[in-house]
Amino acid sequence: TKTGKETVLSNIINAVEDAQARKPQIQTIADRVVGIFVPVILIIAFLTVAAYMLKGASTQYALMTGISVIVIACPCSLGLATPIAILIFTSMASSKGILVRGGEVIENAGRVDHVIFDKTGTITLGRPVLKETIVFDRDVDREYILSLAASIERLSEHSIGHAITESAKGLDLFDVSEFKAIPGKGVEGTIGSKKVFIGSMGLMDESGCSSDSIQFLMDVSLQFEKNGDTVIYMGWDKRVRALFVISDVIRDETPKVVDELRKANTTVSIVSGDNRITTGSIASMVGVDRAISEASPVAKKELVTDMQSKGHNILMVGDGINDAPALTEAMVGIAMGKGTDIAMESADAVLVRNDLKLIL
């Protein structure tokens with residue numbers, strides 16, 4: 001679907017070349033030292049030649065002595081070691097499926113004491129499926145609800161939207177106007193005369209959608225959320241009409257990676273736009289120390305900023321548009337290879353193989 005400089009391969013080549021060309025802090029220091037060191041050595045070598053000749057040594061002997069000073073004190077090792085180390089490191093990293101933007105990324109990674117994971121698409125596979133559709137409105141059936149939802153969600157980039165769209169294959173979809181994505185909350189769109197809202201209970205409250213049996217709705221949601229499923233709601237005309245239960249699978253390697261990070265004296269957290277119960281359930285399944293729920297993209301960034309202002313060195317791992325601000329803000333930002341373009345562009349490193357073990 002793309003050619004030339006727009007292809008994935010071309011972007012990978014550019015990323016590796018940029019990483020090899022950029023100077024980390026240690027190389028900058030080395031270059032400064034070399035800038036002073038070289039003239040000093042040349043002056044000492046010149047003085048050595050002059051001193052031997054004044055003592056009556058032959059020109060050849062005096063020159064050989066001066067050259068010996070230069071050879072022994074040559075700063076080549078200092079000037080060449082760091083760029084060669086970066087060249088070898090970036091080549092090895094890319095062969096393992098890690099694209100790194102520069103040597104300073106590894107310097108920073110060595111100081112990390114707190115890792116924050118996004119949930120959907122990072123801790124989980126990011127391939128959610130629609131598990132249940134529960135309709136509360138007796139005047140509409142499940143197929144109509146799915147058609148409405150899929151019509152709006154096909155305009156969304158979120159993986160939850162894709163799950164609903166996939167489940168509605170074969171159904172007739174409607175034209176949607178005034179589509180809007182509300183970060184961390186859901187989506188809305190107008191179909192005919194209906195302004196339809198799909199998302200969290202917070203979005204339902206903001207849009208004025210209520211339920212005749214709110215306690216029953218909460219009880220139903222709780223059953224699924226305790227299992228780590230995500231529940232989103234759909235409403236229009238000031239009523240909640242249905243709920244969707246979305247299930248996503250935790251990556252096989254996640255618990256081991258979390259365990260290894262904790263053994264390395266690193267605190268591990270999950271931050272998610274999902275609700276408290278679902279996020280907490282996933283957190284307990286994989287063994288993380290802390291779960292932050294219902295976080296908008298701005299809230300994720302502010303969390304990273306706040307923790308770093310308190311002296312923590314943060315490594316953030318994410319995959320979506322809503323993770324991009326936090327990835328940029330963190331000392332080290334890592335994006336999943338199947339994430340959105342903006343997440344990969346915002347990160348310091350990209351896991352091309354989508355394997356969390358590469359973080360270690």
Side-chain angles (χ1 to χ4, degrees), residues 8 11-12 14-25 28 86 89-90 93-94 97-124 126 156-159 181-185 257 261 266-274 279 288 290-354 356 358-359:
V8 173
N11 289 335
I12 288 172
N14 289 336
V16 173
E17 287 178 347
D18 288 345
Q20 292 172 349
R22 287 173 63 182
K23 292 183 180 181
Q25 186 178 1
T28 304
I86 293 163
F89 154 67
T90 49
S94 58
I98 310 169
L99 293 183
V100 184
R101 294 194 185 279
E104 74 277 6
V105 177
I106 288 304
E107 290 184 3
N108 292 336
R111 298 197 294 270
V112 164
D113 61 13
H114 197 124
V115 177
I116 300 176
F117 288 97
D118 169 53
K119 181 175 74 68
T120 306
T122 306
I123 288 291
T124 64
S156 169
E157 59 82 33
H158 202 284
S159 55
I182 302 123
K185 293 182 179 178
V257 171
L261 287 171
T266 305
T267 307
V268 185
S269 299
I270 288 180
V271 62
S272 174
D274 215 331
T279 305
V288 303
R290 182 184 179 199
I292 301 99
S293 59
E294 299 177 7
S296 67
V298 174
K300 290 181 179 181
K301 176 181 179 292
E302 288 176 347
L303 170 70
V304 172
T305 303
D306 180 59
M307 292 182 72
Q308 291 188 153
S309 69
K310 292 176 180 176
H312 292 289
N313 299 319
I314 305 297
L315 184 149
M316 173 75 192
V317 190
D319 74 309
I321 289 175
N322 56 347
D323 301 316
L327 290 170
T328 304
E329 186 68 19
M331 176 178 277
V332 180
I334 297 180
M336 306 301 287
K338 288 187 178 177
T340 57
D341 289 346
I342 193 168
M344 289 188 280
E345 191 63 32
S346 304
D348 299 301
V350 178
L351 307 184
V352 179
R353 289 200 283 112
N354 279 296
L356 290 183
L358 294 175
I359 293 170

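A salt bridge (charged side-chain N to carboxylate O under 4.0 Å, His left out) check over residues 311-334, counting only residues at least two apart or in different chains, returns the pairs Lys300-Asp323, Lys301-Glu329.
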- [ ] In sequence, state the C-alpha distance, the side-chain angles, and the governing distance for Asp118 and Val317, and then conclude on side-chain contact (heavy atoms from CB on, under 4.5 Å).
- [x] CA-CA 6 Å; Asp118 169 53; Val317 190; over 6 Å; no
TODO: In sequence, state the C-alpha distance, the side-chain angles, and the governing distance for Ser94 and Leu99, and then conclude on side-chain contact (heavy atoms from CB on, under 4.5 Å).
DONE: CA-CA 5 Å; Ser94 58; Leu99 293 183; 4.2 Å; yes
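One finds the OG1 atom of Thr267 at 8.5 Å from the CD1 atom of Ile314 (value rounded to the nearest 0.5 Å). Rounded to the nearest 0.5 Å, atoms CZ (Phe117) and CG (Leu261) are 5.5 Å apart. Taken from NE2 in His114 to CE in Met316, the straight-line distance is 10.5 Å, to the nearest 0.5 Å. Between the CD1 atom in Ile270 and the CD1 atom in Ile123 there is a gap of 4.5 Å [rounded to 0.5 Å].
Considering only heavy atoms from C-beta on, Leu356 comes within 4.5 Å of Met336 through its side chain.
When every heavy atom of Ile334 is checked against every heavy atom of Leu351, the shortest pair comes out as CG2-CG, 3.6 Å. Taking both residues in full, the closest heavy atoms of Val350 and Gly337 are given as CG1-CA, 3.9 Å, listed atom of the first, atom of the second, then distance. Summarising the geometry of Ala326 relative to Val304, their closest heavy-atom pair is CB-CG2, 4.1 Å, with the distance given to 0.1 Å. In terms of heavy atoms, Ala109 sits closest to Val332 at N-CG2, 3.7 Å. Contact detail for Leu327 and Ala335: the closest heavy-atom pair is CD1-CB, 4.4 Å. Pairing each heavy atom of Thr279 with each of Ala291, the nearest pair is CG2-CB, 3.9 Å.
Side-chain N or O atoms of Thr122 include none that pairs as donor or acceptor with a backbone N or O of Lys119 at under 3.5 Å. With Asn313 contributing its side chain and Arg111 its backbone, the two residues share a donor-acceptor pair below 3.5 Å.
The only option from Thr266, Val115, Asp348 that meets the side-chain contact (heavy atoms from CB on, under 4.5 Å) definition with Leu315 turns out to be Val115.
Looking at residues two or more places apart in sequence or on another chain, you find a side chain to side chain contact (heavy atoms under 4.5 Å, CB included) between Leu303 and Ile116, Val271, Arg290, Ile292, Met307.
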